[in-house]
Structures are given as structure tokens and as C-alpha cells.
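Just so you know, ligand 1 is whichever comes first in the structure, and atom 1 is the first atom listed for that ligand.
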Amino acid sequence: MAAAAATSDAIAATADDVIPSDRLIDGEYPLYAARGEGAYVWDVDGNRYLDFILAYGTIILGHAHRAVDDAAISEIRQGFALSMLRPAQQQLTRRLTEVIPHAETALLVKTGSDATSSAVRLSRAFTGRDVVVRWGYNGWHDWAAIRSPGVPRTVAEQVTTFGYNDLSSLEEVLHRFSGRVACILMMPFETTLPEPGFLQGVRELADRHGALLVLDEIRSGFRLGLGGAQEAFGVRADLVTVGKAMANGYAVSAVAGRGDILRELANVHISSTFFANSLDMAASLATIDVLATTPALARVEALGTRLQQGLRDVIARTGLPARVVGAPQMPFLQFDDTALAQQRKRLFYTWTVREGLLLHPNHHWYVSAALSDADLDHTLAVADRAAQHAVAAGEEPA
Ligand SMILES: Cc1ncc(COP(=O)(O)O)c(C=O)c1O
């Protein structure tokens, strides 16, 4: 057990959302990081972990990536908060329009919630409608909050959701709020992949009901490929939101898409003191440069594919009560819902973290391009031992 796996009251509220154990495995997961490099992080007790959480998907090239950090340091040395726009702003906006399909222009903000909330405000202003139909995790602001305390009822009443891979449930919602839906804002997928025709069906329904389609690619953007889910699944969005991997850990995000919608920026209020700071933009330009000029993204996909196949073999060999789900770049183990399977899940993750794998028990994982083939072999060997250990444990739920 990591000695540092204890927190003070002062940061408890934050830590709750950050600690991967999610109270599932008390005291096993490290809490305080000392440093990160490439595919690894070290905790303050000196334990080394192969990182598959990757700061919840912001890291794509590996921790402390030299070219990205050098670009950021160079921006720091020149000053990055200068009461004027910096060239990086224009360069990054242009770069996004080059790599994101159908993007005519882009708005640069900082966090994922900034981007999704901006997309919602633009959609409402453009359509003159109020209702948002959303799916997945889209951020923490009032319209997207996943817990209701603190959210005005009148805001919550303007937002609804629908079933993934279930076009009839979307159609029902669009009929219920007929003529009032500003946008369908959704993650393209989470741990279940889109069935053939699903995303295209969403597009058609959006068009039929005069709603905009916003793909929330905060997780999938710059991870599935430079063109994101639009390219991977052959669907066209009116707006996309990107963030996380686009700057390898630095805080920048964007709304990109149709120029006529983004021109509403002249009318709406979207503003922050920090939006013009160029430090993160310089890091993003360097990140996108590496992604565009090296096989990093192909490698992430290949590594993820091998990880998923290896885990399927582990399950077949050991009888671990779980399924491999998700995209290769964002894989996950879905354990069965029985008490026994959940006990085995706890044992599996206890074993893997003790052997130095930082795998999230309750959130899909991420794969970075910094992972070596030997790291992956090691990961699968640990997973195999963990699965054997979990399955061999007592039959009775704890
Ligand atoms: C798909 C998606 N959209 C939006 C967000 C919100 O981003 P942030 O936490 O940077 O505000 C997240 C964060 O995890 C996300 O995964």
C-alpha cells in the first residue's frame, strides 16, 4: 500500500474525482505523483507505474514529452500573456481547420467544459432554440452536470438525453421537443462502439428536426486519428469540440466547425481572461505536429488492438468474468454485474496496481504512444497473473 494514499480534508472534494480507485480499492492506488516520463509515472513513495489513465486522456505522446515541453518553454520565455493575440492563436486555429474534417474555423478556449458550453451557446444563438439533447459526459456546467444539486430546475428542464445506439429513443425526444431542439451534442462513443448507421442516423434526425449536430470529441479527438470520429466513422458534424490529447496535457480546447455557426461569436458572450494565453496553444501546435508527422497515432491504435486481443486471450484462459470493450485507443474491461464478478474485479485491480499497472477500475483506459512493446508484454503478463489470482480466490462474495 502506498503510504501517501491518504488525503487531507482540504483537498478531499477534488481528490474524490481524481483518485482512480474511486473508493473501490481503498489504500491500494497511489494518490500523490512525484513525476512522469514517457509511459510511466512514479508516486512519492518511489513506486513506478505503467500509466493507462494518462491524466484522463490528455496524454497521448507520453509524459514530459520533449518536443511539446520545449515548445511550451519557448513560449514561456517570450511571455504568453501579453494583452494581445500571439501568433500561436492564429496558427493553431488554422491547423485545426486543416486536420478536422469540415472545420471552416475554430474558437480556442481552455477546458473541455469551456468548449462544450461554448458549442451549446453558439447552437442556441444560431438556431434561436433552447433545448439541448445530449449524450455522454460533456462537462460540469449547469446544462451538463451529472448530479442535480446546485443546478436550477429551469436549466435542467431544457436538457435531455437519449439511448446510445437507439435511434428510436432519439426520435421520440425530438418529437417531444419538436421545434425546440438547438443541438444534439454527444460523444461519438464511450465503451460501446456505434453500430453501423447509428451516427449517420443521428445526423439525419438532426437535419430532419432542424437541430445542429455537435460531436463532443474531447476524448476521441487527436486520439482516434487526426480527423477524429468524423473520419473514423464517416459522419459529418456541424461543430466538434476537441481538447485533452490535442496538447498532450496542456490546457487548451476548441470548438471547430461551420463558419456560419461560429460567426455567432460576434453576438454571444463567450470570454475568459485566460483564453488568449498562448502557452497551451504552442504546446498544442507541437503535439499536432508530432501526431501529423510520426506514426504515433497508428502506434496507439496498434498497441491498443494488441492489448485488447491479449486481454481477450487472458479472459479465455482464466475465465475472468469480464469482456473487453471500447475502441483500441480507449479500451476497458467490463466486469459482469454479479457480486462474485465484482469481487474478482476488486482482486484483479488490487493485483495489477500492486504490480505497477495504473489501470482505472471505473473508467475506460487510455493508451499512449510512449508504451513500448516490452511494456505491453509486461502489462499482459501482469493481467494474466492478476486474472488467475482473482479467479482462484474464494467463490463467496466478500
Ligand atoms: C467527452 C468529454 N466532454 C467534455 C469533458 C469536460 O472536459 P473538462 O473536464 O476539461 O472540462 C470531458 C472531460 O472528461 C469529456 O470526457
Side-chain angles (χ1 to χ4, degrees), residues 13-20 22 51-60 100 106-123 132-147 150-151 159 161-162 164 183-194 199 202 212-225 228-230 232-233 235 237 239-257 270 272 274-275 277 279-281 283-284 287 325-327 329-332 360 362-368:
T14 308
D16 240 20
D17 275 348
V18 171
I19 305 165
D22 225 356
D51 188 4
F52 291 91
I53 300 177
L54 295 169
Y56 290 86
T58 62
I59 301 295
I60 181 86
I100 298 176
L107 163 71
L108 300 182
V109 287
K110 290 294 178 214
T111 71
S113 298
D114 289 341
T116 55
S117 294
S118 299
V120 162
R121 183 154 302 163
L122 287 165
S123 299
V132 173
V133 179
R134 69 170 198 89
W135 184 85
Y137 182 79
N138 307 121
W140 68 274
H141 292 163
D142 281 355
W143 64 274
I146 55 174
R147 288 191 282 273
V151 176
V159 182
T161 188
F162 63 101
Y164 191 74
C183 63
I184 301 166
L185 184 148
M186 63 183 294
M187 291 169 63
F189 64 91
E190 193 174 17
T191 51
T192 301
L193 295 178
L199 292 173
V202 173
L212 301 177
L213 175 58
V214 184
L215 279 184
D216 180 356
E217 296 228 59
I218 297 290
R219 290 186 208 180
S220 50
F222 297 97
R223 184 165 290 275
L224 279 198
Q230 292 193 95
F233 301 114
V235 62
L239 297 174
V240 297
T241 56
V242 288
K244 295 206 192 239
M246 79 183 264
N248 205 53
Y250 291 82
V252 63
S253 61
V255 185
I270 295 173
S272 163
F274 293 113
F275 284 167
N277 283 9
L279 164 64
D280 317 278
M281 298 170 190
S284 180
T287 303
V325 295
Q329 299 89 340
M330 299 149 73
F332 192 48
H360 203 306
N362 296 322
H363 186 294
H364 65 74
W365 316 332
Y366 292 97
V367 174
S368 84

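The shortest contact between atom 14 (O) of ligand 1 and any protein heavy atom is with Lys244 NZ, 2.9 Å. Remark: minimum distance from atom 10 (O) of ligand 1 to any protein heavy atom is reached at Gly112 N, 2.8 Å.
Here is the list of ligand 1 atoms found below 4.0 Å of a heavy atom in Asp216: 1 (C), 2 (C), 3 (N), 4 (C). Close approach of ligand 1 to Met187 is summarised as follows: ligand atoms under 4.0 Å from at least one heavy atom of the residue are 1 (C).
Contact between Tyr137 and ligand 1 is present, with at least one heavy atom of the residue lying under 4.0 Å from the ligand.
Between the side chain of Lys244 and the main chain of Tyr56, a donor-acceptor pair closer than 3.5 Å is present. No side-chain donor-acceptor contact under 3.5 Å links Arg219 to the backbone of Phe189.
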task: Evaluate the side chain to side chain contact (heavy atoms under 4.5 Å, CB included) criterion for residues Arg223 and Ile60: first the C-alpha distance (whole Å), next the side-chain angles of each, then the deciding distance (0.1 Å), finally the verdict.
output: CA-CA 7 Å; Arg223 184 165 290 275; Ile60 181 86; 3.6 Å; yes

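The aromatic rings of His360 and His363 sit tilted relative to each other, their planes meeting at an angle between 30° and 60°.
Heavy-atom neighbours of Arg121 CZ from other residues, nucleotides or ligands within 6.0 Å: at or below the threshold of 12.
Residue contacts with ligand 1: Ser113 is placed with a nitrogen or oxygen under 3.5 Å of a nitrogen or oxygen of the ligand (distance criterion only). At a 3.5 angstrom cut-off on N or O pairs, Arg219 counts as close to ligand 1.
The side-chain heavy atoms of Leu224 and Phe233, taken from C-beta on, include a pair separated by under 4.5 Å.
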